[in-house]
Amino acid sequence: MTRYDVSHFRPMHFEFEKKTARVNMRLPEPLLRAVKAKAQTRGIPYQRLIREAIERALEDEPS
């Protein structure tokens, strides 16, 4: 493996939990464009970026 340059590799995170619930929300168009752009730079779907943000917000919340 040492002969390969792996410096550009990124860790991958897999989601195994089945998604069964749906959410429908309205966002200002500029916010949605920003979310989609951020997701694209990370190479993930924008819905996953929104889900990750919700998960982080709940982790940071004191019980």
Taking only residues two or more places apart in sequence or in another chain, which ones pass side-chain contact (heavy atoms from CB on, under 4.5 Å) with Ile50? Val35, Tyr46, Ile54

Check the pair Ile44 / Glu52 against side-chain contact (heavy atoms from CB on, under 4.5 Å), numbers first and verdict last. CA-CA 11 Å; Ile44 62 172; Glu52 288 177 1; 4.1 Å; yes

Distance (rounded to the nearest 0.5 Å) between Gln47 CD and Lys19 NZ: 11.0 Å

List, one per line, each side-chain donor-acceptor pair under 3.5 Å for residues 20-32, sequence neighbours excluded.
none

So, are Arg48 and Glu55 salt-bridged, with charged N and O less than 4.0 Å apart? no

Mind checking what makes salt bridge (charged side-chain N to carboxylate O under 4.0 Å, His left out) contact with Arg33, not counting sequence neighbours? none

